[in-house]
Amino acid sequence: MERVIETIAGLHRSHGCGELTAGDTGREVTLMGWVHRRRDHGGLIFIDLRDRSGLVQVVCDPEAGPAFKKAEGVRNEYVIAVAGRVRQRPEGTINPKLATGAIEVAARELRVLNGAKTPPFYIEDGIDVDEVLRLRYRYLDLRRPEMQRIMRLRYQTTRAMRSFLDKRGFWEIETPMLTRSTPEGARDFLVPSRLRPGEFFALPQSPQLFKQILMVAGIERYFQIVRCFRDEDLRADRQPEFTQLDIEMSFIQREDILKMVEELMASVFRETLGVDIDLPIPRLTYREAMARFGSDKPDLRFDLEIVDVSDVVKGSGFKVFSSAVAGGGVVRGLCAPGCANFSRRELDELTQAAAVFGAKGLAWMALTGEGARSPIAKFFTDEELQALVARMGGKEGDLLLFVADKETVAAAALGSLRLELGRRLGLYDEEQLAFTWVTEFPLLEYSPEEKRYVAVHHPFTMPMEEDWPLLASEPLKVRALAYDLVLNGVELGGGSIRIHRRDIQEKMFGLLGFSPEEAREKFGFLLEAFEYGTPPHGGIAFGLDRMVMLMARRDTIRDCIAFPKTQSGTCLMTAAPSTVAPEQLLELHLKSTARTAGSGGKE
RNA sequence: GGAGCCGUAGUGUAGUGGUCUAACAUGUCGGCCUGUCACGCCGAAGAUCGCGGGUUCAACUCCCGUCGGCUCCGCCA
């Protein structure tokens, strides 16, 4: 059908559709938006008009003449302007499901500002459609109210952060997007330099080194809401480009930062969600978190703690347990309340969940009225069984689950099992916000691939002063002045007090296996800067996408990013990445070794 | 790099070796309709079942491969 596109000339939008109330009755208004739905009754046409403020019903009467004629040709998602008068709806036609349901706009004039193809999915909340389609037509997906709410929440969150930090004397400073590839850490995205053949910039994994140099530069209090890039595999909560709130402060100690961040979080959650966070935020040491919850980002919305039974079972006749302990491992368990009646199938599923993290098996013991029902009960004496049940705090009707393994495997497997049980048993309230600090992370861990120690946080993290003596003797036992903020089992952010003393930094490099020459080569500019009067300093960085995901109660950060990538790192809307013209490569002095025959990209 | 799940009209699903000439809902298009709001009623169009190969008399269905998507492990200082 031939559609006539009209101009907007002479019309001035007076209201948002969703803003109109009974108080506007009698008022002459001009609305502009998208046709959400049209109901054509032959002699009377209703149009639900939508803009980002909401919906309102527009009524077109044949008496309106040309407006009625045009309304007949209008289709979903057409962009129209309507001028008319707000009126009360007739008796009995009020729609309580609609915010503007008590009124309607009687169209006097209607202009079709643009037509639209029929969208491939409904422009409304709660749609059940393949995410591929949503990402391909992201502009339509973002038209949906729930997505608009998330985008607004994200904006409100960064606004609240800026406002808080501004009041505390922080300056927002931009750092380069084209920078130096840094060793250590994630894989870099590289950008070839045209002017320097054979050389490359890297996109920043974080502004870490720049923000520390800003402390040397005397900025004292810095922040930045900044895009960061990591060329690693994706997850529901990991994208190759993401946004972080990056903060650094001088002349402070760990407590100063933690306190400031707690106040920041309280302020942001109050301003965006109207929620009050209980302060101070509770703290766990890394050691405690791993032992009790099997994770360095424990979900504290529910208890269900892991219990160590190594000492109880070390002398038992059950070889799997006793030999695990004898071999330096541990036996730990969980008491699943009221799960004694779990089926074979449910137990298999739990075993699978534990196996993902490397547990070789999952021992179970159902506490029934007739005693312990379990394939392993026969290996224990009555006394051992009693001691075991007592240690686990097991009651009749409970199911005890055990993993015997290296400490790291047992912790990880039971930690994941704990989350699985928490979900299955509905042990927590979805609305709850359980913040926690995790502190005293280890400074170093051993990398078998590289056959050396690597920094758990980064090479500039200050060791805890009481552990300084261990640096030489037992480096793996040294704890760092590093901290993570965790919310509902998700790592929101992390930071540390940095090393500002040359002697300690040299020790650290020594432990990481860098010769002075190597250190200079990798971080020379930073070390040089550090020689010109570096204040004690420290900071933290938060994943904005994850924070918004939790605030909006979504399961993936893709829903909180306007234009996210798929799991294979592509953009379904733009079809990026793509091949480029050979001349472009030539200019950059590059030659692709890829074997795919992409001859210049898709048309 | 590895494991698992998914792929059928525009969309969401059904169909598990033979009336499948692929069904249902919704959407779309046309007609009717002056108080609907997931409007209603009547009618129509719309799918080489992701792609390629194999098994079979016969494949949407079984097998292999491949592509795409999702979840997870590794990886992510």
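Naming convention: chains lettered A, B, ... in sequence-line order (proteins, then strands); numbering from 1 in each chain. Atoms considered below: every heavy atom in the structure, side chains included; atoms not considered: hydrogens, waters and symmetry mates. The model shown is predicted, which means the values in this text are computed figures rather than measured ones.
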| message | Checking salt bridge (charged side-chain N to carboxylate O under 4.0 Å, His left out) between A:Glu77 and each of A:Arg143, A:Lys117, A:Arg144, which is the one that passes? | response | A:Arg143
Identify whether any heavy atom of [X] sits under 4.0 Å from a base atom; if not, whether one sits that close to sugar-phosphate; answer base, sugar-phosphate or nothing.
{"X": "A:Thr182", "result": "nothing"}
{"X": "A:Pro120", "result": "sugar-phosphate"}
{"X": "A:Thr93", "result": "base"}
{"X": "A:Gln352", "result": "nothing"}
{"X": "A:Gln208", "result": "base"}
{"X": "A:Val132", "result": "sugar-phosphate"}
{"X": "A:Leu133", "result": "sugar-phosphate"}
{"X": "A:Arg87", "result": "base"}
{"X": "A:Phe121", "result": "nothing"}

Quick one: [X] [atom1] to [N] [atom2], roughly how many Å, whole number?
{"X": "A:Glu449", "N": "B:G74", "atom1": "CD", "atom2": "C1'", "result": "10 Å"}
{"X": "A:Gln239", "N": "B:G69", "atom1": "CD", "atom2": "C1'", "result": "14 Å"}
{"X": "A:Glu91", "N": "B:U36", "atom1": "CD", "atom2": "P", "result": "13 Å"}
{"X": "A:Ile45", "N": "B:G40", "atom1": "CD1", "atom2": "P", "result": "16 Å"}
{"X": "A:Ile123", "N": "B:G27", "atom1": "CD1", "atom2": "C1'", "result": "13 Å"}
{"X": "A:Leu234", "N": "B:C72", "atom1": "CG", "atom2": "C1'", "result": "13 Å"}
{"X": "A:Arg134", "N": "B:U11", "atom1": "CZ", "atom2": "P", "result": "15 Å"}
{"X": "A:Arg554", "N": "B:U71", "atom1": "CZ", "atom2": "P", "result": "13 Å"}

Any strand is fair game: report the nucleotide pairing with [N] by Watson-Crick or G-U wobble, both distances under 3.5 Å, or none.
{"N": "B:A59", "value": "none"}
{"N": "B:C70", "value": "B:G4"}
{"N": "B:U34", "value": "none"}
{"N": "B:A23", "value": "B:U13"}

| Does A:Lys117 put a side-chain nitrogen or oxygen below 4.0 Å from OP1 or OP2 of B:G10? | no
| query | Between A:Thr118 and B:U11, is there a side-chain N or O to OP1/OP2 distance below 4.0 Å? | reply | no
If you check every side-chain atom of [X], which of [options] has the closest atom?
{"X": "A:Pro90", "options": "B:G12, B:C70, B:G35", "result": "B:G35"}
{"X": "A:Ser568", "options": "B:G30, B:U36, B:G69", "result": "B:G69"}
{"X": "A:Arg75", "options": "B:C39, B:C73, B:G30", "result": "B:G30"}
{"X": "A:Lys97", "options": "B:U34, B:A38, B:C37", "result": "B:A38"}
{"X": "A:Asp128", "options": "B:G35, B:U34, B:G12", "result": "B:G12"}
{"X": "A:Glu232", "options": "B:C75, B:U71, B:G35", "result": "B:C75"}
{"X": "A:Gln567", "options": "B:C29, B:A38, B:C72", "result": "B:C72"}
{"X": "A:Asn95", "options": "B:U36, B:A38, B:U11", "result": "B:A38"}

| Side-chain donor or acceptor of A:Ser206 paired with backbone N/O of A:Cys228 under 3.5 Å | no
| query | So, A:Arg187 side chain and A:Asp231 main chain: donor-acceptor pair closer than 3.5 Å or not? | reply | yes
Distance between the [atom1] atoms of [N] and [M], in whole angstroms?
{"N": "B:C33", "M": "B:A22", "atom1": "C1'", "result": "35 Å"}
{"N": "B:A23", "M": "B:C49", "atom1": "P", "result": "14 Å"}
{"N": "B:C37", "M": "B:A47", "atom1": "P", "result": "32 Å"}
{"N": "B:U71", "M": "B:C63", "atom1": "P", "result": "26 Å"}
{"N": "B:U48", "M": "B:G65", "atom1": "P", "result": "26 Å"}
{"N": "B:C70", "M": "B:U34", "atom1": "P", "result": "49 Å"}
{"N": "B:C32", "M": "B:A14", "atom1": "P", "result": "38 Å"}

| Under a 4.0 Å N-O cut-off, is there an ion pair linking A:Arg520 with A:Glu517? | no
| Is the shortest side-chain N to carboxylate O distance from A:Arg424 to A:Glu420 below 4.0 Å? | yes
Does [X] contact [N] through a side-chain donor or acceptor facing the base, at a distance under 3.5 Å?
{"X": "A:Arg39", "N": "B:C33", "value": "no"}
{"X": "A:Glu131", "N": "B:G68", "value": "no"}
{"X": "A:Arg136", "N": "B:G68", "value": "no"}
{"X": "A:Arg558", "N": "B:C70", "value": "no"}
{"X": "A:Asp130", "N": "B:G7", "value": "no"}
{"X": "A:Arg37", "N": "B:G27", "value": "no"}

| query | With a centroid cutoff of 5.5 Å and a plane-angle limit of 30°, would you call A:His41 stacked on B:U36? | reply | no
| message | Tell me whether the rings of A:Phe523 and A:Phe514 are parallel (<30°), tilted (30 to 60°) or perpendicular (>60°). | response | tilted
| How are the rings of A:Phe509 and A:Phe460 set relative to one another: parallel (under 30°), tilted (30 to 60°) or perpendicular (over 60°)? | perpendicular
| Under 3.5 Å, is there a donor-acceptor pair linking the side chains of A:Asp246 and A:Tyr222? | yes
| task | Indicate whether the side chain of A:Ser496 and that of A:Arg498 have a donor and an acceptor atom separated by less than 3.5 Å. | result | yes
| task | Starting from the 5' end of RNA chain B, give me the residue, A:Arg546 or A:Leu135, whose nearest nucleotide shows up first. | result | A:Leu135
| message | Quick check: on RNA chain B, is the nucleotide nearest A:Arg38 upstream (toward 5') of the one nearest A:Gln205, or the reverse? Name the residue that is more 5'. | response | A:Arg38
| task | Starting from the C-alpha separation in whole Å, work towards a yes-or-no answer on side-chain contact (heavy atoms from CB on, under 4.5 Å) for A:Met290 and A:Asp296. | result | CA-CA 6 Å; A:Met290 293 306 290; A:Asp296 62 357; 4.1 Å; yes
